[in-house]
Amino acid sequence: MIGQGIYFLLRALRNMRHSPVLSAASIFTVGVALALLAFFAIAVLNVQRLTASWAAELAVVAYLEQPPEGPVLNRWLGEIRGYPEVASVTYVSRQEAYQRFRQRLGSDADLLDGLGADVLPASLEIRLKPEARQQTAAVVERLGRNKALGELHYGREWLDRFEAFLLLLRTVGIALGGFLVLAALVIVTNTIKLTLYARQDELEAMTMVGATALFIKLPYLIEGALQGVVGGLVALLTSFVAFRMILRESLGNILLLTGIDTIHFLPFTWQILLVAAGGLVGLLGSLLALRKFVRFCQD
Amino acid sequence: MIQLFNITKAFQRDQNALSDITLRVAKGEFVYLTGPSGAGKSTLLKLICCAERPTRGQILMDGRNITQLPTRHIPHLRRNLGIVFQDFKLLNRRTVFENVAFPLEVQGRRRIEISKKVYQVLKQVGLEHRLSHHPLQLSGGEQQRVAVARALVVDPLVLLADEPTGNLDPDVTMEIMEMFKGANARGTTIVMATHDRGLIRQFPRRVVSLEAGRIAGDSRP
């Protein structure tokens with residue numbers, strides 16, 4: 001069994017060695033298609049991470065023009081905690097807001113020198129339960145009835161739009177990726193067909209000495225799968241190099257503005273899936289090309 | 001060994017390549033199929049190895065009806081056949097050794113057995129010193145000897161040869177015929193299509209003549 005496997009593998013490798021240009025064309029096609037797919041996947045994954053982190057941080061902020069007296073504040077806190085949609089309520093005093101802002105400015109914190117803590121308003125940060133995010137508007141409306149709460153800010157609408165954008169990006173990625181993979185499949189099929197046309201006499205000779213269809217086809221199937229796997233590895237390498245040299249910089253700069261500091265490459269399972277997808281495209285390409293090519297009898 | 005009953009083959013409507021052929025070839029017999037181009041010699045050989053299906057009639061091989069043999073069983077039938085073509089049909093990207101070894105690899109024989117057998121057959125056809133060459137590095141005669149070696153390596157029950165000497169000079173033709181004679185003497189049934197009358201005179205055997213797809217004569221020496 002192992003001996004047979006090695007025999008077919010060697011035949012597949014020999015086929016590839018004899019048609020280096022066609023093999024390279026198949027590998028290149030799969031590589032380009034999957035690399036583009038990988039770029040999209042990197043973008044989608046990172047934007048997804050961003051929205052996930054935003055969603056976790058999503059809070060309704062009620063700015064208080066005048067910080068309330070202790071008992072009043074406690075009453076408000078108790079009342080808001082009683083809302084079923086609310087996960088937590090935190091009071092941020094003017095002093096705390098001032099400290100946070102200093103921290104966020106980092107090395108530029110000295111800009112605040114000379115300004116007192118009372119330049120920033122106190123606020124209530126109300127975090128909603130993840131499952132209650134759809135009810136943000138209703139919570140805001142309820143909070144708005146307390147006129148003392150002042151201005152209410154929340155990022156829900158913006159997040160919704162961003163999620164819609166993410167959905168669009170994902171859809172475009174899948175559609176474009178699907179199209180590219182399909183194109184790769186067609187090109188791989190035709191490339192393998194070309195090699196089969198060139199070897200038609202050989203295939204005929206094989207059928208005449210008693211080779212079964214599987215015996216003839218298996219090396220070509222292995223060849224297709226190998227080309228696909230190598231194409232997948234090329235895609236992985238290309239996308240990694242592009243990620244290190246271009247994507248991390250450009251995508252990083254865009255996402256940095258939004259608070260994400262590191263851009264991630266594809267996770268390991270996705271990398272494996274990418275290479276496996278290459279193998280699958282190659283295998284399918286060979287399978288389609290071989291249909292009707294190995295004929296034993298002119299029925 | 002081979003029995004054809006009322007075989008008709010039509011590639012186009014109302015245009016028969018073979019018409020109503022009935023023929024018996026006994027085990028161990030050597031039969032020439034002769035006739036002008038287009039008489040149906042190659043078609044008859046193709047029907048015997050199931051490369052074509054007859055339009056009408058039945059074909060029996062070693063007592064087994066192969067007329068409607070399912071396609072998946074054709075390879076197994078061909079493992080008992082040796083087939084030699086006028087244009088050799090060798091695997092040009094493989095060495096002489098690999099070409100001759102291929103039918104045995106197909107049968108899943110063991111490596112050591114294959115090597116032994118291939119060397120033995122290549123010695124028989126006088127090409128043991130060429131085993132690492134590729135077919136295109138050989139002369140036409142040598143290529144045909146490789147093709148004969150490939151056909152004989154499986155010790156076939158039947159050897160089908162379609163104009164095997166058609167492209168060869170007289171000396172090489174003699175060599176090939178000696179090989180066929182040897183195989184025939186070892187018990188292989190041989191059906192050989194040729195239009196070389198001189199060859200038939202030199203190696204007299206049973207001659208089945210075809211003309212316009214019909215048997216026009218059947219004579220024994």
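Each chain gets a letter, A, B and so on, in the order the sequences are listed, and its residues count up from 1.
Residue B/F85 touches chain A through its side chain alone, counting heavy-atom pairs closer than 4.5 Å. With a 4.5 angstrom heavy-atom cutoff, B/E98 touches chain A only via side-chain atoms. Only the side chain of B/R150 has a heavy atom closer than 4.5 Å to any heavy atom of chain A.
Across all non-hydrogen atoms, the minimal contact from B/R79 to A/G210 is NE-O, 2.8 Å. The two residues B/V106 and A/V209 make their nearest non-hydrogen contact at CG1-O, 4.2 Å.
Rounded to the nearest 0.5 angstrom, A/R199 CZ and B/L91 CG are separated by 11.5 Å.
Heavy-atom contacts from other residues, nucleotides or ligands closer than 6.0 Å to CD1 of B/I112 number 12 or fewer. In this structure, B/H133 places its NE2 atom where more than 12 heavy-atom neighbours from other residues, nucleotides or ligands lie under 6.0 Å away. Remark: A/F28 CZ is loosely packed, at most 12 non-hydrogen atoms of other residues, nucleotides or ligands lying under 6.0 Å away. A 6.0 Å sphere centred on CZ of A/R14 holds more than 12 heavy atoms belonging to other residues, nucleotides or ligands. The environment of B/F11 atom CZ is dense: over 12 non-hydrogen atoms of other residues, nucleotides or ligands sit within 6.0 angstrom. Counting heavy atoms of neighbouring residues, nucleotides and ligands inside a 6.0 Å radius, atom NZ of A/K217 exceeds 12 of them. Atom CZ of B/R214 is surrounded by 12 or fewer heavy atoms from other residues, nucleotides or ligands within 6.0 Å.
No side-chain heavy atom of B/R72 sits less than 4.5 Å from a side-chain heavy atom of A/T212.
Ranked by heavy-atom pairs shorter than 4.5 Å toward chain A, the options B/K89, B/R78, B/R93 are led by B/R93. Here A/T207 is the residue among A/D201, A/T207, A/I216 with the most heavy-atom pairs under 4.5 Å with chain B.
In this structure, B/E105 does not pair ionically with A/R11, as no charged nitrogen and carboxylate oxygen lie closer than 4.0 Å.
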